[in-house]
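What follows is a short report on a single structure.
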Amino acid sequence: MKLSSLILATLSVAALQAAATDITSPSGQLKLTVDVNAEGTPFYSLDYKGKTLIEPSLLGIVADETKFTDGFEIVEVDTVEVDRSWEPVWGEYSEVRDHFNELAVKLHADNPNRDMTLRFRLFDDGLGFRYELPVQDGPNYLTVKDELTQFNYTGDHTLYCIPGDYDTDEYLWSETPFSGLADALNSYGRHSEAQRTGGSTIQTPMLLKTADGVYVNQHEAALDGYPAMLLDIDTDNYDMKAHLVPDRLGVSAYLLLPFHTPWRTLIVSDDARDILASQLVLNLNEPCAIDDTSWIKPMKFVGVWWEMFTGYQKTWAYSDDRLAKPGVTDYTKLTPNGRHPANTANVMRYIDFAAENGIDGVLVEGWNEGWEDWAGYRKNRQFLFDKPYPDFDVDSLRNYAQSKGVKLIMHHETAANAADYELQLDRAFKFMKDNNYDAVKTGYVGAIIPRSEHHTSQWMVDHARHVIERAAEYQIMVDSHEAPRPTGLCRTYPNWLAQESARGGEFESMGGNPPSHTCILPFTRLKGGPMDYTPGLFQTDLSYYGEGKDTKAGTTIARQLALYLTMPSPLQMACDLPDNYRRFSDAFQFIKDVPVDWADSRYLEAEPNRYITVARRDKHSDDWYVGAITDDTARTAEIDLSFLPKGFEYEATIYEDAPDADYRTNAQAYRIRTVKVKPGQKLKQNLAPGGGAAIRITAKSK
Ligand code: NOJ
Ligand code: CA
């Protein structure tokens, strides 16, 4: 990785008389003011294009031992302009520019003595700021109970959000003004077992749109050693305040100083496309920590997975009689249920399918001991990560996959027993490497063990970091499910290929995802990092499988193809069953062709919850790909082909909704046509209700 850096100007002002400090973003369109008020509480405000976006908003941290909230004066102010770029191992762009003006405000308080630095980075596309707590002339172990950070908005703006929940983010999104938030959140009936914050608390990443059409994505970057941040919303005054996820003792963070918090981030633009294109969260993360990244490989995979979601016959478990026979530890003594897809012969069929179609990997779920008793028969140890079921022959599968040039992808469902997973981790990773597995999907379904923790509390943030670091040592790539929402740490640890951390495609078999769902995720959840959304659903009517499944997915087939573009990830599943791909093999061709790593990306059209059109250039060829999706209303996407280099003739293969397609009534109706296109041409592309279009564009000749 190359890192070029240009520090343009450094200015250090020993501001003996505390004065308000302003900086602007490099182009001047964002203006930040920082000061302390009469109580000595620091605050900031933010203007965008000459209008107030965030009114004076307080800053501070509250610990049992001391409060970093008042009595402060500004003792030093440093500003610097930095303009540099870096090359990600994978991503939407082959090079990312990191250009900002930084303001560091050193604060000091007497009685008791406290020091704190507030560091702000103001980019043209937004703001990041964090608290830095140096070693104090006072307590250096802090028991953090609260963070004051406010985001005080100016009006009854529209929020796109999901409920504040310490344990899950697998929700559908609400679009609501501040004033309607309580009702919107009350409409959620799911996940009643999860700890709720109650009231008007929401999660980040969230999106906001002002009455003037300014979009703000609010999240955090580089979450490390600290709990995730939710937002408490004051719906009368349009204010937000940080709400740190606590453990069950009510403590949010145990800190040893020096420490700095994650960055609090705001991506800001009056053009919705800029929110999607922004790399601000990645820019605020540390550079890659892995020297040799040659083993990190973006990939597509199929898996022994969807079979378990499509009916009631198939199970992750090898046997049904585990619960009836407590005390049995020898799995060969159990009666196989005969409905267990992760068996040797079936996995070989998936390997064959992957090999035939140039798909890199096969995920195996339900291969190991422990699924019989989700409630925790083994008490402190449910799953064993080096104990295959009797019908899963590790040796022959390793050899078979190798002979076919396909990688097997491991699955570690921990049932949220994170403590035990840490104890098994080395053995589990060694078992993987011994058997030629380079990637693992992890899972944390259920209440976290230790029981005092939440999925997004400090302890679990630390756990996730520990797993990713250990995985890097073993040269293992990770796809984590039910882990803390991503905050761009994949820049530092690019072996963290993807996360779930939102309501994924699997919900198409559990109530469904409305088409708007994938029109909001790229504006919210995806700003933290790629999602293992599992696109590629071709059998969209789940009643096809009988047995009580009556869901119709919120999608057409053409839209599923477009998701490979609109939900960018270096790890993309083709989620459906091989038989379904054989039935629609001409549409499957697009999944075979579409890359998962990009040299360049151009967002052409976007409106949250409504539509997205994006073009991307393959990192390994000159081919361009376009994906367009809409919500549940039909739409004509206008695809401006100005991004194509001049001087060539191009051929576009268009996978589109048939004229009579509709996700409710005719989801599998698509057409494929090939047309000649020119740079600068504006393609009009029809999208059906809940539909989409996917296009491959290749240069033909001069
Ligand atoms: C939930 C995950 O999101 C899903 O992908 C997985 O199959 C199940 N847990 C079982 O581990
Ligand atoms: Ca999940």
Side-chain angles (χ1 to χ4, degrees), residues 162 165-172 190-191 193-194 203 301-312 314-318 339-342 346-347 350 361-376 382-385 389 392 408-418 420-421 424 428 439-449 454-456 460 464 467 478-486 497-513 517 521 525 528-537 567 569 571-577:
I162 56 177
D165 187 317
Y166 300 155
D167 285 289
T168 185
D169 27 49
E170 299 186 16
Y171 289 107
L172 291 175
R190 297 186 60 87
H191 293 287
E193 81 287 1
Q203 303 190 18
F301 68 104
V302 289
V304 180
W305 183 68
W306 197 236
E307 286 183 60
M308 272 98 68
F309 282 83
T310 51
Y312 295 127
K314 303 288 176 67
T315 70
W316 280 263
Y318 161 77
R339 295 177 284 108
H340 173 236
N346 197 35
V347 175
Y350 276 86
V362 173
L363 167 70
V364 290
E365 283 204 19
W367 68 278
N368 63 326
E369 291 187 3
W371 293 88
E372 277 69 16
D373 189 354
W374 190 270
Q382 177 176 341
F383 285 105
L384 299 174
F385 302 112
Y389 275 139
F392 186 91
L408 287 171
I409 300 175
M410 176 53 73
H411 184 229
H412 291 164
E413 174 55 65
T414 67
N417 193 341
D420 180 58
Y421 189 42
Q424 293 195 58
V440 62
K441 170 178 165 181
T442 58
Y444 298 87
V445 174
I448 295 293
I449 299 174
H454 292 291
H455 280 76
T456 53
M460 277 304 284
V467 170
V478 179
D479 165 21
S480 43
H481 281 224
E482 297 92 30
R485 285 174 295 290
L497 287 186
Q499 293 191 226
E500 184 189 49
S501 301
R503 180 174 164 120
E506 67 190 24
F507 275 86
E508 298 290 20
S509 83
M510 301 181 285
N513 288 339
H517 187 58
L521 285 172
R525 158 65 183 78
M531 176 168 177
D532 180 21
Y533 184 77
T534 69
L537 186 69
M567 301 281 290
S569 173
L571 183 75
Q572 291 280 29
M573 189 174 203
C575 73
D576 217 325
L577 310 179

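Below, each value reflects all heavy atoms present in this structure, side chains not excepted, and no hydrogens, waters or symmetry copies. Both ligands and their constituent atoms are indexed starting at 1 by order of listing. It should be emphasised that the depicted structure is a prediction, and the values quoted were computed from it without experimental measurement.
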Indicate yes or no for a side-chain donor-acceptor contact from [X] to the backbone of [Y] under 3.5 Å, with no hydrogens or angles considered.
| X | Y | answer |
| --- | --- | --- |
| T456 | Y166 | yes |
| E506 | T534 | no |
| Q203 | T168 | yes |

key: Candidate with minimal heavy-atom separation from atom 6 (C) of ligand 1, of E365, H481, M573   = E365
ask   = Evaluating non-hydrogen atoms only, which member of T414, L363, V445 is closest to atom 9 (N) of ligand 1?
value =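 It is V445 that holds the nearest heavy atom.
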query = Do ligand 1 and E500 have nitrogen or oxygen atoms that lie under 3.5 Å from each other?
reply = yes
ask   = If we only count N/O pairs under 3.5 Å, is W371 in contact with ligand 1?
value =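 There is no such contact.
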For N/O/S atoms only: which one belongs to [X] and is nearest the Ca ion (ligand 2)?
| X | value |
| --- | --- |
| E170 | OE2 |
| E482 | OE2 |
| E500 | OE1 |

ask   = Run the side-chain contact (heavy atoms from CB on, under 4.5 Å) check on M573 and W305 step by step: do they pass?
value = CA-CA 10 Å; M573 189 174 203; W305 183 68; 3.7 Å; yes
Find all atoms of ligand 1 within a distance of less than 4.0 Å from any non-hydrogen atom belonging to [X], and give their numbers and elements.
| X | value |
| --- | --- |
| K441 | 4 (C), 5 (O), 6 (C), 7 (O) |
| E506 | 2 (C), 3 (O), 4 (C), 5 (O) |
| E413 | 9 (N), 10 (C), 11 (O) |

Among Q572, Q499, H481, side-chain hydrogen bond (donor to acceptor under 3.5 Å, both in side chains) partner for D532 =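 Only one option passes, and that is H481.
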request  = Evaluate the ring planes of F385 and F383, with Trp represented by its six-membered ring, and classify them as parallel (under 30°), tilted (30 to 60°) or perpendicular (over 60°).
outcome  = parallel
inquiry  = Between K441 and E365 (salt bridge meaning N to carboxylate O under 4.0 Å), is one present in this structure?
reply    =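 A salt bridge is present here (some side-chain N lies under 4.0 Å from a carboxylate O).
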message = With a cutoff of 4.0 Å, is M308 in contact with ligand 1, counting heavy atoms of the residue only?
response = no
key: ligand 1 contacted by F383 (non-hydrogen, < 4.0 Å)   = no
inquiry  = By the definition ring-ring contact (aromatic ring centres under 6.0 Å, His included), identify the one residue from Y389, W367, F392 that meets it with Y318.
reply    =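 Answer to the ring-ring contact (aromatic ring centres under 6.0 Å, His included) test with Y318 among Y389, W367, F392: Y389.
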